[in-house]
Amino acid sequence: MPQSPPPRSGCFLLLVLLQVLSSVPPARFCGEVVEGPVRVLSSRLLGLLGDPAQDPDPSVYLALRLAADHDLSREKQYLGQLQNLFHRRYSQSLQAAGQAHAAPHGHPEKDAAGTQHSTYVSTEVEWPETGRLALYLLGLRATCHPPDHGSQRSLVTWLKFYLEEDWTGSRHHGHPLTSYYQYSLGVLALCVHRKRVREEVIRRLLAAEHHGRFSHAGGRATDTAAVAALAFACLERQRVVGTRLAGELRAATLRIRKRMVEEQDPNGFFGNIYSTPWAMQVFIATNTCREEPAYGQAMTAVLENLEAFTTPATMAQVLPVLHSHSYLDIASMHCQEELDTLKPFSPEPRIEVPGNKTVGLVVECPLPRCPQHQLYSQSVSVPAGASLLDVLRAATELVSHNFIFDTQDTPQGPYLTQVLGLKAQKRSYWQLLTAPGTSLQMGVADYRPGDGETLILRLSEW
Ligand code: B12
């Protein structure tokens, strides 16, 4: 009888290595879905979709598609709402839209109607919408009911056009017209659709990473770095770039990941709680979540603080990682045997907190825009459960002080655009801080100040 050949040394080493690896416990949560709390969060998100005042948000759709169980008819309906919004907006081909777009002259913030609760989506496309269109295209790749080829192709053309606009902007102004976050989403979406991206466009993002140009609200920009890393990882994985560039992309992804681990805070967060899910996607996308203890620590921290994810936008950003998915998985999604068992869960009404609180409200406008640095300082009395938005509303009702402000609805909630008649324009924004100088991690509608706290609205550059 022929004898089986002795194991060759390479094979033997591999076997030993596999044995050693299988005896190392995998980092907690990598590849597992943490059933109970995650299901509750998915159901909550589903429960929030009914709000007719809210425009549909492509990241919410992505979160629903990347979940383990679904409400398929509600998902289909939501996709219909998205299609209505985007196809109406981009129904014209780029050529038909004319060359007016070659030199965009408007800006969403600058041109905002200026009325309270003005809606975010204007009817005219004037300024690159790289990020929103990218998220929508990612959503279309994740759907089981894709629209016809022609309309998808036209959307891809629009996205390529926006990305080029952003690239040109970055050459002229040192930053894209939108932001490096949106620019990265644009590259990521084209890559997931297996569309080629010009090397110079990719190199601009590599250079921004290399020179530390990602920033957010005066602090770290973990979210942006993470989205850029996902775009790099996708380009490398899909083999849509040459060997040399692929090597540079791999090195940049590694650098970003390494920095995230080094800068992980003692609570386990990368950046802050809201950027942590984006950072975790990088470990999932690069198959390193298993060996990286920092990933397990981040997941523990997120699970212990799930109640911080209250808005559809923040829920939508955390849910994919709770299901062990990154946006790169969209490229290989299939629609077979999807569980159709998810039920919506409507949020419980907020419990009224009895009593009142007094909150200090300060408005600052630094030089050179304003010769007088502090424009307003006043104590405002509000119900104990009031949000910062309630404080601003109460301030407008104080007879002796002419406090006015304006917000614009965005998928993240109301965004403060104007205070005391001063509009945030282009690269400036109304930053929210708690005295003496801590930048808030929430928007005006979600932050609930404590009694005696002083809040600062500061016109800042970004
Ligand atoms: C770029 C960015 C900004 C830019 C936006 C300007 C611009 N034209 O791009 C600047 C630097 C101005 C900014 C400001 C703020 N931001 Co910001 N921002 C982002 C970032 C990195 C990307 C947003 C984006 O482009 N999304 C893609 C597009 C397609 O989606 P979009 O929803 O249409 O995006 C628009 C809105 O989201 C809006 N926006 C940006 N930030 C915020 C924050 C809030 C609370 C609201 C309501 C709207 C809003 O501007 C975006 C571009 O037009 C996200 C990161 C993330 N994980 O989402 C953080 C993020 C959304 N921001 C955040 C915060 C906290 C703020 C500030 C409140 C910080 C502060 N203390 O002042 C302020 C907003 C204050 C205000 N005036 O209401 C948090 C929100 C967390 C939460 N609980 O909801 C995030 C998640 C960052 C984080 N990890 O903490 N931001």
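Fair warning: this is a prediction, and the values are worked out from it, not measured in the lab. First listed ligand is number 1; within each ligand, the first listed atom is number 1.
Checked against the 6.0 Å centroid threshold, Y183 and H175 do not count as a close aromatic pair. Annotation: F283 is in aromatic contact with F270 [ring centroid separation under 6.0 Å].
For H211 (side chain) and A207 (main-chain N/O), a donor-acceptor pair under 3.5 Å exists by modelled atom type.
Looking at T314 against ligand 1, only its side chain comes within 4.0 Å, counting heavy atoms. Only the side chain of W462 comes within 4.0 Å of ligand 1, judged by heavy-atom distances. Proximity of E129 to ligand 1, defined as any heavy-atom pair under 4.0 Å, is not found for any part of the residue. Using a 4.0 Å cut-off between heavy atoms, R132 contacts ligand 1 through both its backbone and its side chain.
The nearest pair of heavy atoms linking Y181 to V227 is CE1-CG2, 3.7 Å. Contact detail for W430 and T417: the closest heavy-atom pair is CD1-O, 3.6 Å. Of all the heavy atoms in A394 and V380, the pair that sits closest is CB-CG1, 3.6 Å.
Proximity to G443 (heavy-atom distance under 4.0 Å) selects the following atoms of ligand 1: 45 (C). The Q317 neighbourhood of ligand 1 comprises atoms 56 (C), 57 (N), 58 (O), with distances under 4.0 Å to a heavy atom of that residue. With ligand atoms numbered from 1 in the order given, ligand 1 contributes 65 (C), 81 (C), 82 (C), 83 (N) to contacts under 4.0 Å with heavy atoms of Q441. Residue S275 has at least one heavy-atom neighbour below 4.0 Å for each of these atoms of ligand 1: 89 (N).
Here's the thing with S439: one of its N/O atoms is less than 3.5 angstrom from an N/O atom of ligand 1. Close N/O approach between S179 and ligand 1 is not found [any backbone or side-chain N/O within under 3.5 Å]. For ligand 1, the polar-atom distance check finds no N/O of L135 at less than 3.5 Å from any of the ligand's N/O atoms. Ligand 1 has an N or O atom lying under 3.5 Å from an N or O atom of D223, backbone or side chain. Of the polar atoms of P414, none of the N or O atoms is found under 3.5 Å from an N or O of ligand 1, judged by distance alone. Considering backbone and side-chain N/O of G131, none are found under 3.5 Å from N/O of ligand 1.
With atom 22 (C) of ligand 1 as the reference point, the heavy atom nearest to it among Y181, Y447, F309, W278 is part of Y181. Closest heavy-atom approach to atom 88 (C) of ligand 1 within the set L133, T222, N272: this belongs to N272. For atom 61 (C) of ligand 1, the candidate residues are M442, K426, Q412; the nearest heavy-atom contact is made by Q412. Checking Y429, W430, Y415 against atom 38 (C) of ligand 1, the nearest heavy atom belongs to Y415. Considering T407, T410, V444, V318 only, the shortest heavy-atom separation from atom 36 (C) of ligand 1 involves T410.
A salt bridge between E209 and R259 is present, with a side-chain N of the basic residue lying under 4.0 Å from a carboxylate O of the acidic one. Using a 4.0 Å cut-off between charged side-chain N and carboxylate O, K357 and E453 make no salt bridge.
For the residue pair T143/Y61, the side-chain donor-acceptor check at 3.5 Å is satisfied. Side chain to side chain, Y136 and E129 fail the donor-acceptor criterion of an N or O pair below 3.5 Å.
Within the 4.5 Å cutoff, the side chain of T222 has no heavy atoms near those of the E263 side chain. Counting heavy atoms from C-beta outward, P58 and L138 have side chains that stay 4.5 Å or more apart.
Taking a 4.0 Å cut-off on heavy atoms, L440 registers as neighbouring ligand 1.
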